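For the single chain, residues carry numbers from 1 onward in sequence order. Both counts, for ligands and for their atoms, begin at 1 and track the order of listing. The analysis underlying the following values was restricted to heavy atoms, covering all of them including side chains, and did not include hydrogens, waters or symmetry mates. Just so we're clear, the structure is a prediction, and the values are computed from it rather than from any experiment.
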Amino acid sequence: MGLLERYAEVVGQDVIEHLRQLSSPLKGMKVVHVNSTREGGGVAEILHWLVPLKQELGIDARWETIKGTEQFFKCTKLMHNGLQGNGIEIGHGLLREYERVNAENAEELRGTLEDAEIVFIHDPQPAAILGCLPGRKGKWIWRCHIDASKPFRPVWKYLRRHVENYHASIWSLSEFAQLLPHPLYLVAPSIDPLSDKNRDLSEQEISSTYDRWGLDPGRPIITQISRFDRFKDPLGVIQAYRLVKEFIPVQLVLAGGGASDDPEGEEVLRQVMESAGSDEDIHVFNLPSDDHLTINALQRVADIAIQKSTKEGFGLTVTEAMWKGKPVIGGDTGGIRLQVVNHHTGFLVRTPEGAALRIRYLLKHRDILGEMGRKAHRFVMENFLITRHLREYLTLMHAVMFEFQDRIETG
Ligand code: UDP
């Protein structure tokens, strides 16, 4: 079975036919995506499915990654943090290295990029390639995956010089978009319903999760899946759990990973363990980053998902839990607001007390909990699956390729 046919089983044949129609004028078009890594991180995850799906639609889609030096990646990490608001200036030496590496990669990729009809450049790392290829023929689009809502100005000012000459840019949320002299598009992230993280699990896979992780199937479970990061507020989650526990014998799962390669993560994990103390109903799991099936199962055994972030780019964990039919108690911030439709797919909260109140309410009103979970699943089906993401990419490609045509034949 073709890749698209597999998705048809989830989203319906009509959605797939629509994608085929949209892609028909784009058939054979050479489209190149460029980023800086093939593994790790959300961008690579998206390109792993986006490029093969475009190919299956008959588009000549390719994926190139740039090569860089240690100093180069040091510079781009500072840029990333700067876009997220970190007030650290980047030295001239590092910026020269950034430009040198971009020029080198432009040379390397000249043959592929110069005659491509559309080039998508992802994030700041390869952004300066555009300026190194004056002979380019196609439309170039810069895709920013970062929360740049309040960038450190000197960093944005520098990067802006490299991205302002693109034909368009794409952002995840309107709050993140920066003013640029070209069309700005908004494309929200999405999840892959067929990946190990999100695919259906058998009854056996789900029921074995209780034993494996020491959970009691007879009592309610609330779960937050997250890196151990201050902005995810795991300590606030524990506080909320304790407030609920005074009334309901609930269990809390805090599962995350990445602590070993993130010094701050380790410290947050330590604080979480300290706060959990000897409470046997608080289950803290430090998981390997590729343990997608465990995350899937832990999300499925939960009665309610919590994502009490105080700052959040998008919050894929929210989408993942909603896809599994769980209402989400989410922090009233960033992309969580796009997903948690207050009182419908979950509740937006600002404090542990607010979270506790909502958890108690849902555990007491099982019918409402069930209905919210069903709405949450539908909401993801309609808005945050990769088929919507792909549709928006195709529409955007129409917009940049056929900008002055008032009629496009979609077959
Ligand atoms: N995740 C994971 N292992 C963990 C913690 C998180 O695989 O231990 C996944 C999670 O399922 C989600 C992504 O990492 O797919 C986190 O994305 P999100 O947008 O929620 O937060 P970020 O970590 O990017 O701030």
Side-chain angles (χ1 to χ4, degrees), residues 35 37 39-49 77 80-81 83-86 122-123 144-149 171-173 175-176 187-199 201 209 213 223-234 237 253-262 264-266 268-269 272-273 283-302 305-324 326 328-331 333-340 346 376 380 383-386 389:
N35 82 324
T37 172
E39 296 302 333
V43 181
E45 213 156 282
I46 288 169
L47 292 175
H48 269 297
W49 62 257
K77 177 78 187 169
H80 187 119
N81 291 345
L83 287 181
Q84 292 195 339
N86 234 1
H122 294 262
D123 281 341
C144 181
H145 296 266
I146 301 167
D147 173 354
S149 47
W171 307 77
S172 295
L173 292 188
E175 289 113 287
F176 300 172
V187 178
S190 62
I191 57 163
D192 180 348
L194 300 180
S195 67
D196 278 349
K197 179 80 62 60
N198 298 305
R199 72 166 169 83
L201 297 183
T209 307
W213 297 99
T223 298
Q224 173 158 303
I225 305 285
S226 273
R227 289 180 295 109
F228 292 101
D229 181 315
R230 274 180 232 292
F231 291 112
K232 311 279 185 188
D233 198 18
V237 174
V253 171
L254 285 171
S260 59
D261 61 349
D262 173 0
E264 204 170 90
E266 223 164 82
V268 175
L269 178 57
V272 166
M273 301 299 279
H283 302 264
V284 182
F285 304 133
N286 190 8
L287 302 173
S289 63
D290 59 352
D291 199 354
H292 303 304
L293 277 173
T294 294
I295 287 175
N296 187 341
L298 289 173
Q299 283 169 330
R300 284 181 195 277
V301 298
I306 183 159
Q307 190 56 61
K308 220 205 94 20
S309 307
T310 53
K311 191 168 161 66
E312 190 63 74
F314 182 69
L316 279 174
T317 54
V318 172
T319 337
E320 290 158 7
M322 286 170 64
W323 178 243
K324 288 151 193 140
K326 309 299 167 181
V328 176
I329 312 278
T333 183
I336 296 179
R337 289 192 192 129
L338 274 189
Q339 306 182 68
V340 175
V380 174
N383 297 292
F384 299 117
L385 293 187
I386 63 175
H389 203 158

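- Of all the atoms in ligand 1, the ones that sit under 4.0 Å from a non-hydrogen atom of Glu320 are 10 (C), 11 (O), 12 (C), 15 (O).
- Atoms CG and CG, from Leu254 and Leu269 in turn, are 10.0 Å apart once rounded to the nearest 0.5 Å.
- Across the listed options Ile225, Val318, Ile295, Ile295 owns the non-hydrogen atom lying nearest to atom 3 (N) of ligand 1.
- For ligand 1, the polar-atom distance check finds an N/O of Lys197 within less than 3.5 Å of one of the ligand's N/O atoms.
- Among the atoms of Leu316, some N or O lies under 3.5 angstrom from an N or O of ligand 1.
- Close approach of ligand 1 to Gly315 (heavy-atom distance below 4.0 Å) involves ligand atoms 19 (O), 20 (O).
- Judged by distance alone, the side chain of Asp123 and the main-chain N or O of Asn35 form no donor-acceptor pair under 3.5 Å.
- Under the 30°/60° scheme for interplanar angles, the aromatic rings of His389 and Trp49 are found to stand perpendicular.
- Not close to ligand 1: Gln307, with no non-hydrogen atom less than 4.0 angstrom away.
- Scanning Thr317, Ile336, Asp192 for the heavy atom closest to atom 16 (C) of ligand 1 points to Thr317.
- Put simply, the side chain of Lys232 never gets that close to the backbone of Gln307: no donor and acceptor are under 3.5 Å apart.
- A 4.5 Å side-chain heavy-atom check between Leu201 and Arg199 finds at least one atom pair inside the cut-off.
- Here the side chains of Val301 and Trp213 are not in contact, with every heavy-atom distance at 4.5 Å or above.
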- Message: Run the side chain to side chain donor-acceptor pair (under 3.5 Å) test on Ser195 and Asp192 for me, step by step, so that the C-alpha distance in whole Å, both residues' side-chain angles and the decisive distance to 0.1 Å come before the verdict.
- Response: CA-CA 6 Å; Ser195 67; Asp192 180 348; 4.9 Å; no

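- Screening Gln224, Lys308, Lys311 for a side-chain hydrogen bond (donor to acceptor under 3.5 Å, both in side chains) with Asp233, the sole residue that qualifies is Lys308.
- Taking distance alone, with nitrogen or oxygen atoms compared against 3.5 Å, Gln299 stays at or beyond that limit from ligand 1.
- Remark: among candidates Lys311, Lys232, His292, the nearest residue to atom 21 (O) of ligand 1 is Lys232, based on non-hydrogen atoms.
- Ligand 1 has no nitrogen or oxygen under 3.5 angstrom from a nitrogen or oxygen of Ser226.
- Heavy-atom contacts of Glu312 reach the following atoms of ligand 1: 21 (O), 25 (O) (cutoff under 4.0 Å).
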